[in-house]
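First the structure, in the form of structure tokens, and then the observations on it.
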Amino acid sequence: MSISRRGFLGSAIAASVGTGLNARGLNAQDKVKDDVPRPANPFGAGKRPIIICANNGVNYLDDAFAFLKNGGDTLDAALRVVKGPEDDPNDDSVGLGGLPNEEGVVELDACCMHGPTRRAGSVGGVRNIKNVSLVSKAVMEHTGHVMLVSEGAERFAVAVGFPRENLLTERSRKIWLLWKEYHSTDDWWGPGLADPQWKPPSPATSPQSEPQSDLWEQRIQRLEEHAARLGIEPEFRMAAIRRVLSPPTGTIHCSALNDKGEISGCTTTSGLAFKLPGRCGDSPIIGAGCYTDQDVGSAGATGSGEENIKVAGAHTIIENMRRGMPPLEAGLDALKRIVRNYNNDMSKLKFIDMTYYVLRKDGAYAGVSLWEGYSSTRAHKIAVHDGAKRSEVTVALFKGSSHEFPPFPVAMPKELTEDSVYVK
Ligand code: GLY
């Protein structure tokens with residue numbers, strides 16, 4: 001199964017070229033990667049026990065790893081990791097404080113798979129319950145079903161003891177309001193005529209207008225004024241504006257493997273910010289947001305949920321590994337299926353982003369992404385703990401960063417793409 005680094009890179013790039021990848025619609029820097037930072041062990045067997053997760057779980061790995069090493073169940077270890085961001089009101093990608101749907105209501109999705117007993121649980125579109133990852137486990141343990149959604153899932157959660165609480169933090173509510181007002185030049189949201197600060201919407205600041213690079217300054221200034229009026233803290237304003245202009249799909253996945261070779265995984269999210277009510281992404285879909293097979297390994301996803309559902313990403317990766325592909329190649333192949341779904345059209349692919357987290361039963365792992373990061377400074381990362389905790393840059397199929405969607409004809413200004421604008 002082993003393959004040299006040079007040999008693999010050559011074949012990966014050749015495969016990309018062979019599938020017709022081209023530079024249509026790409027900027028000069030957006031070329032298929034010819035060199036990549038590598039995980040420590042992309043091809044050989046890894047260590048056990050081991051936990052891998054999206055990088056927003058890195059602060060919770062020590063506790064979960066100690067639990068796993070002391071004989072804790074693999075699914076419970078993975079759930080310990082994702083519960084951290086679910087409980088954190090400042091992580092606006094999952095659980096409490098997650099960015100809401102277009103009506104300002106937080107709706108959460110999650111699923112889990114327990115390898116040793118080959119069981120699964122899932123919940124979608126759940127309101128008012130913070131730890132939906134644990135609710136998905138409860139569905140697995142306390143029902144004969146696999147998936148519950150919406151009001152039924154909420155009622156089930158309450159019945160088995162989860163408290164109802166308001167998940168919309170002040171910060172997330174204000175970002176939603178900023179989004180709402182920014183997109184409302186032709187309805188009653190935002191300050192009305194009678195407001196002393198009212199200004200007629202100008203072509204420069206209307207989201208419906210074609211943005212020009214020299215109009216960005218006015219547009220962002222208008223957004224900053226809105227943000228200040230809404231009481232968004234000065235140090236968080238640019239981060240809030242970024243979320244309004246480019247709604248994120250934050251999520252966390254975690255897979256855990258113990259020294260006996262038992263393996264489990266889970267994924268949880270608040271989904272795409274400002275989505276239509278009722279929209280479920282990939283995270284609660286067994287086989288898309290997460291898939292675990294005790295015979296093979298576990299995989300999960302963060303990123304464009306709609307795209308991942310169409311390639312059943314996590315299941316595809318596990319089946320690739322079952323057929324002998326190493327984790328890195330298995331993950332890259334799933335990314336290439338997304339590329340194939342768009343007939344390799346880079347003018348569309350540049351608006352998609354996807355990261356897969358792959359863990360094989362022997363401890364080998366990989367993190368792969370469609371693009372290197374969201375911006376030049378924000379590379380996609382996988383967090384790992386196998387006795388040593390670390391974050392590693394994922395292996396990207398394409399060089400450069402994905403573009404914001406909805407699309408802008410001109411690049412987003414630097415102050416909106418730098419790390420410093422992010423609180424988390
Ligand atoms: N991957 C998270 C979502 O699209 O909802």
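Owing to the predicted nature of the structure, the values given are computational and were not obtained by experimental measurement. Atoms within a ligand are numbered from 1 in the order they appear, just like the ligands themselves.
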Exercise. Sorted by first residue and then second, give each salt bridge (charged side-chain N to carboxylate O under 4.0 Å, His left out) pair with at least one member in residues 140-149; sequence neighbours left out.
Key: K137-E141
Self-check item: salt bridge (charged side-chain N to carboxylate O under 4.0 Å, His left out) contacts in which one or both residues fall within residues 264-287, not counting sequence neighbours
Solution: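 Residue pairs with at least one partner in residues 264-287: R279-E306.
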Quiz item: Would you say F398 and K350 make side-chain contact, with heavy atoms under 4.5 Å?
Solution: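 SC-SC contact between F398 and K350 ruled out.
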Quiz item: Is the shortest side-chain N to carboxylate O distance from D62 to K389 below 4.0 Å?
Solution: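 Salt bridge present between D62 and K389.
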Quiz item: Would E102 and K180 pass as an ion pair if we require N to O under 4.0 Å?
Solution: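 Not counted as a salt bridge, because no side-chain N and carboxylate O are separated by less than 4.0 Å.
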Every pair of nitrogen or oxygen atoms between ligand 1 and the protein that is under 3.5 angstrom apart - can you list them with their distances to 0.1 Å?
residue, atom, partner, partner atom, Å
ligand 1, 1 (N), T251, OG1, 3.4
ligand 1, 1 (N), D282, OD1, 2.7
ligand 1, 1 (N), G303, O, 2.7
ligand 1, 4 (O), R279, NH2, 2.9
ligand 1, 4 (O), G303, O, 3.3
ligand 1, 4 (O), G305, N, 3.1
ligand 1, 5 (O), R279, NH1, 2.7

Self-check item: Partner set under side chain to side chain contact (heavy atoms under 4.5 Å, CB included) for A388, not counting sequence neighbours
Solution: D386, R390
